[in-house]
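Below, chain A is the first sequence line, B the second, and so on; all start at residue 1. Quick caveat, the model's predicted, so the values are computed rather than measured.
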2 protein chains.
Amino acid sequence: MESHAVMHYRRDNMADLLRSHDINPTHQRIEIAYALFSRQAHLSADQVMMIVNDRHAETSKATVYNTLKLFLEKGMIREVIVDPSKVFYDPNISPHHHLYEVDSGELTDIDAHQVRIEGLPELPENMETEGIDLIIRVRRKKA
Amino acid sequence: MESHAVMHYRRDNMADLLRSHDINPTHQRIEIAYALFSRQAHLSADQVMMIVNDRHAETSKATVYNTLKLFLEKGMIREVIVDPSKVFYDPNISPHHHLYEVDSGELTDIDAHQVRIEGLPELPENMETEGIDLIIRVRRKKA
DNA sequence: CCAATAATTAGACAGAGTCCAATTCCTAGA
DNA sequence: TCTAGGAATTGGACTCTGTCTAATTATTGG
């Protein structure tokens, strides 16, 4: 536990992280993974793009989108759909929910272990749950 | 209760429905409200547009978007954000959650009264909850 | 080292949604 | 009934997110 809390994601870790998810580590993928994991933040594709190309352009738009989709398929990151205009990507894959500040767009994690959801209907036999998204939309009280 | 369940939304009702939400009833607004309420379905702006202009074009894209936003602000409909590519509008404003079939895009309501959510964190004093969205993402089991 | 395969790329494209200035509609008052 | 002024609607250009494609460049196993 302690070791996990203390874990600092460094560029050197990224190749192993990628390999452990069956992803071939390439320059671009390492940079994109590093952008997400070193910050532990919810980033849009656009933000990832800007971070990765901060100094000199190195990674194309197509690659950013391809790579995020790949990470997603391999279960290395999660997708957060709260903003109608863009998707956010979340390097935290442990079960958790989200608190969304609608005005600022700020997203905060809520550990799923502290939350209980009861009374959900049974699913038909041929269906399976892919995920449960719980989003608390909050706003600053006006005056 | 009974009376509500039996309620059939007709074009004639729409003007009153609009007025009761402080919305000036106009032809276009009545048609758009009717599209949503008579079907009791989750529709995208695009779908509303097609329904309303089914026979002869009557309502512009700008008006459809303006109007849906207006209905939303006035609390007459709800927004459902599950599909990264488009927003759905929901004429059901009673507390409920959603079951989302990821492959087909089909959305089903889950009455909120049968569901209990416990253990949510306290909000800071200056924040208030705007809404709680619970989305169960399901998919057809593969073989 | 070389061939085969995998990854990346620029840029065209698509679709949702916004914006704006011009027009049309509606209403209240004379 | 007529009219002025505010409200609503409109076409179309525009923006932005994301996808696609065909060509190029890396990588890797033998």
**Q** Does CD in Glu125(A) sit with more than 12 non-hydrogen atoms of other residues, nucleotides or ligands closer than 6.0 Å?
**A** no
**Q** So which one's nearest nucleotide on DNA chain D is more toward 5', Asp46(A) or Pro25(A)?
**A** Asp46(A)
**Q** How many whole angstroms separate atom CG of Asp22(B) from atom P of dA7(D)?
**A** 14 Å
**Q** Could you check how far CG of Leu68(A) sits from P of dG18(D), rounded to whole Å?
**A** 9 Å
**Q** Nearest to the Arg29(B) side chain among dT9(D), dC26(C), dT8(C), which nucleotide is it?
**A** dT9(D)
**Q** Under a 4.5 Å side-chain heavy-atom rule over Ile, Leu, Val, Met, Phe, Trp and Tyr, are Met49(B) and Leu70(B) clustered together?
**A** yes
**Q** Going by modelled atom types, is there a donor-acceptor pair between the base of dG17(C) and the side chain of Lys61(B) at under 3.5 Å?
**A** yes
**Q** Would you kindly compare Glu58(A) and Pro84(A) by the position of their nearest DNA chain C nucleotide and give the one closer to the 5′ end?
**A** Glu58(A)
**Q** Grab the CD1-C1' distance between Ile30(A) and dT8(C) for me, whole Å please.
**A** 15 Å
**Q** When clusters are formed by joining ILVMFWY residues with side-chain heavy atoms under 4.5 Å apart, either directly or through shared neighbours, do Tyr34(B) and Met50(B) land in the same one?
**A** no
**Q** Picking from dT9(C), dT19(D), dA8(D), which would you name as closest to the side chain of Lys69(A)?
**A** dT19(D)
**Q** Using OP1 and OP2 only, check whether a side-chain N or O of Asn24(B) sits under 4.0 Å from dA8(D).
**A** yes
**Q** Ignoring the backbone of Ala45(B), work out which of dG17(C), dA7(D), dA16(C) is nearest its side chain.
**A** dG17(C)
**Q** Give a yes/no on whether any side-chain N or O of Thr26(B) is located under 4.0 angstrom from OP1 or OP2 of dT9(D).
**A** yes
**Q** Can you see if the side chain of Gln28(B) gets near the phosphate of dC25(C) - specifically, an N or O under 4.0 Å from OP1 or OP2?
**A** no
**Q** Measuring from the side chain of His27(A) (C-beta onward, heavy atoms only), which nucleotide among dG18(D), dT10(D), dT27(D) has the closest atom?
**A** dT27(D)
**Q** Taking the six-membered ring for Trp, are His113(A) and His96(A) closer than 6.0 Å centroid to centroid?
**A** no
**Q** Return the value, rounded to whole Å, for the distance between atom CD of Gln47(A) and atom C1' of dC16(D).
**A** 14 Å
**Q** Please pick, from dT8(C), dG18(D), dG17(C), the nucleotide with the shortest atom-to-atom distance to any side-chain atom of Lys86(A).
**A** dG18(D)
**Q** Is Thr59(A) close to Ile32(A) at the side-chain level, that is, under 4.5 Å between some pair of heavy atoms?
**A** yes
**Q** In whole angstrom, what separates Met49(B)'s CE from dG15(C)'s C1'?
**A** 13 Å
**Q** Measure CG/Leu72(B) against P/dT18(C) and give the value in whole Å, please.
**A** 11 Å
**Q** Of all the nucleotides listed (dT9(D), dT9(C), dT8(C)), which has the minimum atom distance to the side chain of Thr59(A)?
**A** dT9(C)
**Q** Looking across every strand, which nucleic acid part, if any, lies under 4.0 Å from Ser44(A) by heavy atom: base, sugar-phosphate, or nothing?
**A** nothing
**Q** OP1, OP2 of dG18(D) versus side-chain N and O of Tyr65(A): anything below 4.0 Å?
**A** yes
**Q** It should be established whether Ser85(A) places a side-chain nitrogen or oxygen under 4.0 Å from OP1 or OP2 of nucleotide dG17(C).
**A** no
**Q** Without decimals, in angstroms, what is the distance between Ile32(A) CD1 and dT9(C) P?
**A** 9 Å
**Q** Measure from CG on Leu70(B) to C1' on dT18(C) and round the result to the nearest Å.
**A** 16 Å
**Q** Output yes when at least one side-chain N/O atom of Thr63(B) is less than 4.0 Å from OP1 or OP2 of dT10(D), else no.
**A** yes
**Q** Which residue in the set Arg137(A), Arg140(A), Arg139(A) passes salt bridge (charged side-chain N to carboxylate O under 4.0 Å, His left out) when paired with Glu101(A)?
**A** Arg140(A)
